[in-house]
Amino acid sequence: MTETIHLLIEKYGLLAVFLGCVAEGESAAVLAGFFAHQHVFPALGAFLATFAGAFLGDTLFFVAGRRFGTYGFVKRQAARPGFGRALDLIARRPVTYVMLNRYAYGFRLVGGIAAGLSAMPAGKFAAVNALSSAVWAILFLGAGYLFGAGVEQLVGRELANHQRLLAALGIGLVTTVAAGFAAHHFSRRGKR
C-alpha cells in the first residue's frame, strides 16, 4: 500500500502541488519543498508547479473581480468583512498590496477579487503577481526543504517510503493547523 501511495506521489504529486497552490496553497508548497529535499520531486519541477499554481490562482481571482463584478459570487465576496479595507489599500499602494496579499491567510480570494475591481491595469497586476508568486514559492518551498533536512537529521539519511509519507502527513497537518490558528486569531483580532 505504501509503495502504491509513493508511486502516486511521484507520478501525480506535482499536479497535486499545482492544484493545491491555485487555492490557498501553503501546505502544498511546504510539502513540495519536503519532497524536493527527499528527491521525490525535482526541485525545479516543485518550484514551477508551486509558482504556476500561485500565479494562476491569484490571476483567476483578479479576472473574477474584473470580469464578473456584478455576479453573485463576486458580490458575496465583496460583502465580506475587510473588503472595503482591501479596496482602500489597493487604491493607495497597489504594488505593495499585490505583493503582500497572498501572505494574509484566508484573504487571498477576497484580495484577488478586490484587485480585479480596482483601477490597477491588468498588465501591471500580472507583472507584480509573477514576482510575488516567485518570492512566495521560494519561501514556502524553502521552508519545506529545510523541514526535510531536519527530518533527515532525526530519522537518518535514507528515509524509508513510509517514513517519508508519515513525515509529509505531519508537515501538512502542522502547516494546516498553524494556518488555521493564525486565520482564527487575526479574524478575532479584526472584529475587535
Side-chain angles (χ1 to χ4, degrees), residues 16-33 47-144 146-147 171-192:
V17 167
F18 169 77
L19 294 173
C21 289
V22 169
E24 301 279 350
E26 290 86 358
S27 298
V30 170
L31 286 172
F47 171 77
L48 291 175
T50 302
F51 167 78
F55 180 80
L56 179 64
D58 285 356
T59 301
L60 289 173
F61 300 142
F62 177 85
V63 170
R66 184 65 44 106
R67 298 281 184 233
F68 305 107
T70 59
Y71 286 72
F73 171 75
V74 174
K75 285 184 175 183
R76 282 191 302 278
Q77 297 306 313
R80 290 178 68 179
F83 196 85
R85 176 125 167 87
L87 287 174
D88 179 54
L89 286 171
I90 197 163
R92 288 187 292 125
R93 302 205 187 279
V95 172
T96 303
Y97 177 86
V98 173
M99 283 296 294
L100 298 178
N101 175 59
R102 75 179 63 255
Y103 297 98
Y105 185 80
F107 195 67
R108 188 170 169 206
L109 171 84
V110 172
I113 289 173
L117 292 173
S118 75
M120 184 178 208
K124 184 175 183 177
F125 174 83
V128 176
N129 185 34
L131 178 61
S132 178
S133 297
V135 170
W136 181 86
I138 290 167
L139 287 174
F140 282 91
L141 283 170
L146 290 174
F147 194 86
I171 293 168
L173 183 63
V174 167
T175 304
T176 303
V177 169
F181 277 129
H184 179 70
H185 170 73
F186 288 116
S187 72
R188 287 184 59 203
R189 192 171 159 196
K191 289 179 183 176
R192 286 185 210 153

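Reckoned from all heavy atoms, side chains included, excluding hydrogens, waters and symmetry mates.
Minimum heavy-atom separation, Ala126 to Phe55: O-CE1, 3.4 Å. When all heavy atoms of Ala29 and Thr50 are compared, the closest pair comes out as CB-CG2, 3.7 Å. Of all the heavy atoms in Phe125 and Thr59, the pair that sits closest is CE2-CA, 4.1 Å. Across every non-hydrogen atom of Val17 and Ala49, the tightest pair is CG1-CB, 4.0 Å. Across every non-hydrogen atom of Cys21 and Ala28, the tightest pair is SG-CB, 4.1 Å. Nearest heavy-atom pair, Val98 versus Ser132, reported as atom, atom and distance to 0.1 Å: O-OG, 3.6 Å.
Rounded to the nearest 0.5 Å, atoms CG (Leu87) and CZ (Arg92) are 12.0 Å apart. Atom CG in Leu117 sits 9.0 Å away from atom CD1 in Ile90 (nearest 0.5 Å). Once rounded to the nearest 0.5 Å, the distance linking CE of Met120 with CG of Asn129 reads 9.0 Å. Rounding to the nearest 0.5 Å gives a distance of 13.0 Å between CD1 of Ile113 and CZ of Arg66. With rounding to the nearest 0.5 angstrom, the CG atom of Leu146 is 11.0 Å from the CG atom of Leu141. Interatomic distance, Phe62 CZ to Ser118 OG, rounded to the nearest 0.5 Å: 6.0 Å.
Relative orientation of the Trp136 and Phe140 rings is tilted, given thresholds of 30° and 60° on the angle between their planes.
Between Tyr103 and Val135 the shortest side-chain heavy-atom distance falls below 4.5 Å. Phe18 is listed as a side-chain neighbour of Leu56, based on a closest heavy-atom distance under 4.5 Å.
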